[in-house]
**Student:** 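Take a look at the following structure, please.
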Amino acid sequence: MVTDKVHDETKQGEAYAPFKDDPTVYRKRFYIESYGCAMNFADSEVVASILHKEGFGPTKNVEEADLIFVNTCSIREKAEQTVRKRLTEFRKLKKNRPGTLVGVLGCMAERLKSKFLEEEKLVDIVVGPDAYRSLPGLVEEAESGHKAINVLLSRDETYADISPIRLNSNGISAFVSIMRGCNNMCSFCVVPFTRGRERSRDAESIINECRELFDNGYREVTLLGQNVDSYYYTDNSQQAIAEPVTFAKLLEKVALISPLLRVRFSTSHPKDITDEVLHTIARYENICKYIHLPVQSGSSRILQMMNRTYTREWYQAKVDRIREMVPGCGISSDIIAGFCTETEEDHRDTLSIMEYSNYDYSYMFFYSERPGTLAQRRYADDVSEEVKKRRLADIVEMQNRLSLESNKKDLGKTFEILIEGDSKKSGKDWMGRSSQGKVVVFPKKHYDLKKGDYVMVRVNDCTQGTLLGNIVH
Ligand code: 5AD
Ligand code: SF4
């Protein structure tokens with residue numbers, strides 16, 4: 001699948017649904033649309049919580065909103081273009097409803113700052129990812145006719161104490177943000193500039209949030225961060241010196257909440273995922289056997305220019321280690337086609353590392369130069385668009401083959417599936433996921449099951465994207 005990196009392409013731009021049967025009369029209604037990665041979707045839930053405390057109610061209907069927010073992404077030019085298009089649509093809406101305020105949140109707000117207020121006349125509020133607490137004040141300012149902006153990045157903001165409002169969830173799986181920002185400085189990436197320095201969230205608050213989710217019927221949490229393996233938290237509020245919590249420890253603590261709570265995490269950087277983490281994944285049944293391990297390129301020369309700090313061989317050894325320590329583990333990747341100076345030989349190295357790693361799934365992109373990044377300053381974006389697209393097509397073709405092969409290997413096997421809801425195609429079928437993250441569809445039959453239940457399913461057929469099976473005892 002060629003997509004912006006979020007779990008489900010169909011969710012890009014998805015707006016939040018209001019609470020069901022909510023009788024509260026709200027002062028104002030807000031509408032929020034999110035783009036980009038899972039972190040951004042999780043942030044929108046924090047924003048919803050902050051606004052709700054101020055007496056604002058959520059709406060799914062943009063036409064009745066007093067406040068329209070777009071939580072934006074800057075990772076590729078295309079993501080920014082989508083948002084710009086959307087903003088011009090809101091401009092029309094504003095004409096019919098003067099007084100409606102439009103706010104830009106997230107990475108584009110951070111990247112373009114006040115330029116946004118000048119360039120896009122329709123925008124009233126601009127707020128970067130670390131400034132959401134100031135939203136109520138900014139809204140007030142904008143209501144009095146002044147443009148309002150806060151794009152300050154923070155060294156310590158993690159919104160740890162804010163309980164996100166899950167407005168558009170299936171009630172079974174939720175994202176839990178465990179850290180913010182990124183210190184890696186991959187040369188192609190805008191994230192360090194838009195989301196600032198890396199910081200880890202208070203471990204206690206993470207565990208409490210996960211426990212609360214479980215108590216409310218949730219059965220799966222995905223721990224989110226740009227680089228979860230460098231999670232590291234020391235509680236300085238204690239008198240005695242508290243033991244630091246590493247990512248492996250955090251995983252364990254969340255897994256211990258209940259064996260019925262599945263734990264996932266994303267994203268891992270190959271340089272940081274430790275044996276201790278792999279041991280922990282292997283040790284706990286409810287930690288999902290699935291690792292998102294972006295390779296970006298299979299060529300050591302390109303990897304060095306990308307500042308990924310590993311070589312092709314080093315990455316391959318990491319994959320070997322995962323296969324050895326966590327048998328049957330699903331692995332997925334992010335891949336960039338046509339980075340600066342990439343040759344056909346480099347490209348073939350990417351295809352062959354995909355084959356070596358046997359990815360179950362990949363998010364694939366062609367290189368998009370981003371202003372201000374190391375690559376933009378240092379290297380020429382010298383691979384033509386035509387070549388980038390052809391190489392991307394090769395990569396997609398390779399992944400399609402690998403995904404189908406991986407699914408075929410599951411034929412005849414039985415997996416424990418967490419039921420997420422009805423299948424898209426039929427109310428007579430359930431849809432759920434295996435520990436490895438694969439989507440499995442199977443007939444409900446006469447069994448008395450509901451979403452959030454675990455069930456054993458034997459796979460008897462597959463497509464490239466889905467396993468098909470039947471419930472077994
Ligand atoms: N061009 C194309 N893809 C990019 N990514 C990050 N920056 C760029 C860029 N400038 C991809 C990487 C990353 C994923 C989130 O997006 O593969 O892992
Ligand atoms: Fe997009 Fe990256 Fe910002 Fe997520 S962190 S919204 S992927 S630019």
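Here the structure is a predicted model, which means the values were calculated and not measured. Counting starts at 1 for both ligands and their atoms, in listed order.
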**Student:** For atom 7 (N) of ligand 1, which of the options F188, F366, Y363, F339 provides the nearest non-hydrogen atom?
**Tutor:** F188

**Student:** Could you check whether atom CD of Q304 has more than 12 heavy atoms from other residues, nucleotides or ligands sitting under 6.0 Å from it?
**Tutor:**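 Atom CD in Q304 is not packed in, count stays at 12 or less.
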
**Student:** Of all the atoms in ligand 1, which lie at a distance below 4.0 Å from a heavy atom belonging to R370?
**Tutor:** 10 (N)

**Student:** Do R76 and ligand 1 have an N or O pair less than 3.5 Å apart?
**Tutor:** yes

**Student:** With a 4.5 Å cut-off on side-chain heavy atoms, are R111 and F193 touching?
**Tutor:** no

**Student:** Backbone N or O of M185 within a donor-acceptor pair of the N307 side chain at under 3.5 Å?
**Tutor:**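 Flag set: sc N307 to bb M185 pair under 3.5 Å.
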
**Student:** So is D334 polar-close to ligand 1, meaning N/O to N/O under 3.5 Å?
**Tutor:**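 Yes - when backbone and side-chain N and O of D334 are compared with those of ligand 1, one distance drops under 3.5 Å.
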
**Student:** Considering the heavy atoms of I336, write down every atom of ligand 1 situated less than 4.0 Å from one of them.
**Tutor:**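 Answer, ordered by atom number: 3 (N), 4 (C), 5 (N), 12 (C), 17 (O).
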
**Student:** What are the atoms of ligand 1, with element, lying closer than 4.0 Å to any heavy atom of Q296?
**Tutor:**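 Matching atoms, with element in brackets: 12 (C), 13 (C), 17 (O), 18 (O).
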
**Student:** Decide, yes or no, whether a salt bridge links R301 with D349 under the criterion of side-chain N to carboxylate O below 4.0 Å.
**Tutor:** no

**Student:** Could you tell me whether D360 and K409 make a salt bridge, using a distance below 4.0 angstrom between a side-chain N and a carboxylate O?
**Tutor:**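 Between K409 and D360 there is no salt bridge, as every charged N stays at least 4.0 Å from the carboxylate O atoms.
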
